[in-house]
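Remember, it's 1-based here, ligands and their atoms both numbered in the order they're listed.
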Amino acid sequence: MSLIPLILDCDPGVDDAVALALAFGARDRLYLLGITTTAGNVALAKTTRNACLIREVAGRQDVPVHAGLAKPLVRAPISADDFHGPEGLGHYPSIEPILGPASSDAINFLIQTINSAPPNTIRLAVTGPMTNIAALIQSAPETARRLQQIVLMGGARREGGNITASAEYNIYADPEAADIVFKSGCNLIIFGLDATHQVRGTRAWVDAITALGTPIAKLAAEMLAFSNALPANLMDTAEPDQLATGAPLHDPCVIAYLLAPEAFQLRPCRIDVETESQLTRGHTAVEFRETVAGAFNANWVSKADAEAVLSLLLRYLA
Ligand code: RIB
Ligand code: CA
């Protein structure tokens, strides 16, 4: 099976860390062209350091890391360090990686890399605020449309919100960027909370991943355990009994889709984002009827097979 050429844009972040670990491990399936980082869960300097640190633990210094934009397109940065810890990786020691980022110009890396590959061959995974991607689309729209697919984590329909009652964090942090991406005409696969809340890192998952014994597996298990230990008042409260099973694995779902698309169900949709209202900033309106909201512009992930995600983690963190 030929390798999937992939760029991962992220804001590590404890669940981004598990997504990175999965992507770094799946070297028999993914040709990781590079990692780009954005401000999000924590500041850009920390998300970039964290990406380099996770790369080191995974032994994948062959994959370049390029730092991106330090703040949203127009809004002030808003962190999610309540969910990720002040350094962004839970209680993991914030040591400096030996190898740092290759550049601080992720946008240029994206443009050069995408333009130098045949059209419709590179996939882009996005697991943080979409600031870098929106900047790419604004500065080189034709380049962005050369991408085969953008698989992103963001938004919510049935599940309400997690940073406010009506918005999911990645969209809330940079709603203007999300608006640009949703209107770009790119081939979008969108993992909202509706999908990621179906994939929860139970205690059994944490124990099974820990038992793999590799450094990257232990790091990933620590990330899951940190999320599971967050105070209940912080976590999603949609279904208290769901909370008892474990914290959702938002970002790993994006990589799992690339490795096992059959584990997920998609529905064509029209997605739009609120950028004006203070109360509902970042809300995603996801409509499955073209007659109501206009032409479809994305595929919404409606179902996720949690056991399939666990199997991929056990296989690729070993
Ligand atoms: O709402 C979940 C998303 O916000 C995840 O990507 C998590 O890392 C945070 O960035
Ligand atoms: Ca993230």
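The contact set between ligand 1 and Y169, taken as ligand atoms under 4.0 Å from a residue heavy atom, comprises 1 (O), 4 (O), 9 (C), 10 (O). Within the listing of ligand 1, atoms 10 (O) sit less than 4.0 angstrom from a heavy atom of D11.
Under the 6.0 Å distance and 45° angle rule, R267 counts as a cation-pi partner of F288.
Closest N/O/S atom of D11 to the Ca ion (ligand 2): OD1. The atom of D251 nearest to the Ca ion (ligand 2) is OD2, with the search restricted to N, O or S atoms.
Within the coordination shell of the Ca ion (ligand 2), defined by N, O or S atoms under 3.0 Å, M153 is absent. The Ca ion (ligand 2) has an N, O or S atom of D16 inside 3.0 Å of it.
Counting heavy atoms under 4.0 Å from ligand 1, residue N162 touches it through the side chain alone. Proximity of T127 to ligand 1, defined as any heavy-atom pair under 4.0 Å, is confined to the backbone N, CA, C and O atoms.
The single protein non-hydrogen atom nearest to atom 2 (C) of ligand 1 is E168 OE2, 3.3 Å, given as residue, atom name and distance.
A donor atom on one side chain and an acceptor atom on the other are found under 3.5 Å apart for Y316 and D28.
In this structure, Y257 and F264 have tilted ring planes: the angle between them lies in the 30° to 60° band.
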